[in-house]
Amino acid sequence: MTTTTANHHLSPAFPGRAPWGTANKLRAWQEGAMGKYIQEQPRDFLAVATPGAGKTTFALTLASWLLHHHIVQQVTVVAPTEHLKKQWAEAAARIGIKLDPEYSAGPLGREYHGVAVTYAGVGVRPMLHRNRCEQRKTLVILDEIHHAGDSRSWGEACLEAFEPATRRLCLTGTPFRSDTNPIPFVTYEEGNDGIRRSSADYTYGYGNALADGVVRPVIFLSYSGNMRWRTKAGDELEARLGEPMTKDAVSQAWRTALDPRGDWMPNVLRAADQRLTEVRKGIPDAGALVIAADQDSARAYAKLIREVTGEAATVVLSDDTGASQRIDDFAASDARWMVAVRMVSEGVDVPRLAVGVYATTISTPLFFAQAVGRFVRSRRRGETASVFVPTIPTLLTFANEMEVERDHVLDKPKKDGEEDPYAEEDKLLAEAERQQDEDTGEDDQLSFEALESDAVFDRVLYDGAEFGMQAHAGSPEEQDYLGIPGLLEPDQVQMLLQKRQARQIAHSRKRPDAEADLLELPAERRPVVTHKEMLELRKQLNTLVGAYVHQSGKPHGVIHTELRRVCGGPPSAEATAGQLNERINKVREWATRMK
């Protein structure tokens, strides 16, 4: 059966926000997923599709088909937030499916085909929804199903409420979690390594969506700089973002950068606004979003934006009763800036957002993917997204792995001394997905005072590669990257970035070394590494030197001194990752020659 029967009665305007070339018809992945569903007719179906790909369109088209063929008689949509359940109801109404987003109890009005509720709402009254499923054949659409694993009570409530459902459609753009709570109605399959992973019925990843022009390519602009802060003990510390340091020091340096009273945030907001101006030459209604950590920071960033741009920013706070309306008003306008606390990080549909500033210290891959997902929805060919991030190793790792598809892992291998980069503390994930701002006590544990910060353009990350050399905020070199056109094909982005970097390198070679006050090395030659990775590099070098001692008969100290003389740089304890790698390669070369 073809998908033409699936959407035979849909409005010609649906989907109203499809990107170039897809109006009046389903995208190829949506047709493929529909075809698989209709052929197999499963009770449970998990569709994993990258943010911005059109999961809502697919789900509502499938709901329409199931209703039309009397396989189900009603629809229940479960969404993570109040705003999203209203958004689902509006999208459904556009194709003739009426969902009540205000439903709380009792019989449903005859004019409705079903309800739109939140996971929290199901958690409060699971038996209400179970009774509805038992009375009439029901399709349950579980949007961003990983939320059902947020807490044991939510997962148990979903199981209790929707176990009798005729059909269950699970949707997610980010199927991985940093915990091992099982997600209801998701199938887990054991691999050869004995580890159970979630198994999707249909997957449409970011890489495929990018190739199809369904999502925008993302340019990450990373900013470093010197941070100075005072610890709870009264010690003053200074560090540069991106340099190897302890986990606590990374956290405090990061929070110092995000402090609105320093220079880092004003300079990054100024750069992001310049980037937005360039993007709006090709996308006139393009908007920008700052994702803030808390309400006080959000208000302070809005004040900075007014000072930098002369225009007021829309501020969206998670516990504000008018938050949903403000998001809708911003989406429908051509205003430049919005500042939000968390609630815009997932599922909220503002397709004109093209520039983002990641101004929160949440460092889970789930939250990062959801945040970046706000900027990737494509409306026409050639649109690009630009996201500004601090030079924090974990964030740059996530940025470089945009196209990696992950599953939810139930069984995490635990080896002594080995850390799982996707197993951040549960409290971080809980904070990332919390709807209300509340005191977490984190400030008591990491009490410090931000004293001073500055911003330095560090690098551009695109398609897994890194470009650029460090440049001062406001410099012509920085402007070179901020001025990349907003309408470009993906291969044109790569070509332009390569040209910009080549021009920077040529310009730096003309200057005497004494005039270089910033590290003048291309980004790919100065990798950002974690403290743990630096320890591993030093350990690897010492092991190789130890082996060469036995081969050459020379003492350790002599070999280290010779490596420094040949490769340059300070002692190993102070050497950069690039210098350590150079010495590792050199001692291997010496060992090979002696064989």
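Only heavy atoms go into these numbers, but all of them, side chains included; no hydrogens, no water, no symmetry mates.
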Counting the benzene-type ring for Trp, do Phe220 and Phe388 have ring centres under 6.0 Å apart?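 Ring centroids of Phe220 and Phe388 are no less than 6.0 Å from each other.
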Minimum side-chain heavy-atom gap Leu580-Arg538 below 4.5 Å: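 Touching, per the 4.5 Å side-chain cut-off.
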Measuring from atom CH2 of Trp337 to atom OG1 of Thr314, what distance do you get when rounded to the nearest 0.5 angstrom?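 Those atoms lie 12.0 Å apart.
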Out of curiosity, Ile327 CD1 to Leu289 CG, how far, rounded to the nearest 0.5 Å?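 These two atoms lie 9.5 Å from each other.
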Show the numbers, then the answer: is there a ring-ring contact (aromatic ring centres under 6.0 Å, His included) between Tyr223 and Phe457? CA-CA 5 Å; Tyr223 278 73; Phe457 169 79; 5.7 Å; yes
Any salt bridge linking [X] with [Y]? Criterion: basic side-chain nitrogen under 4.0 Å from a carboxylate oxygen.
X	Y	answer
Glu236	Arg230	yes
Arg565	Glu562	yes
Arg275	Glu278	no
Asp273	Arg336	yes

Apply side-chain hydrogen bond (donor to acceptor under 3.5 Å, both in side chains) to residues Ser297 and Asp294 and explain how you reach the verdict. CA-CA 5 Å; Ser297 296; Asp294 55 61; 3.0 Å; yes
So among Leu241, Leu395, Val456, Thr391, which one has a side-chain contact (heavy atoms from CB on, under 4.5 Å) with Ser222?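 Per the side-chain contact (heavy atoms from CB on, under 4.5 Å) rule, the option paired with Ser222 is Thr391, out of Leu241, Leu395, Val456, Thr391.
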Side chain Arg500, main chain Asp480, donor-acceptor under 3.5 Å: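 Here the side-chain-to-backbone pair exists.
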Given Arg459 and Glu466, is the salt bridge (Lys or Arg N to Asp or Glu O under 4.0 Å) satisfied, shown in steps? CA-CA 7 Å; Arg459 67 190 71 201; Glu466 300 183 8; 2.5 Å; yes
Classify the ring geometry between Trp590 and Tyr548 as parallel (under 30°), tilted (30 to 60°) or perpendicular (over 60°).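 Rings of Trp590 and Tyr548: tilted, as their planes differ by 30° to 60°.
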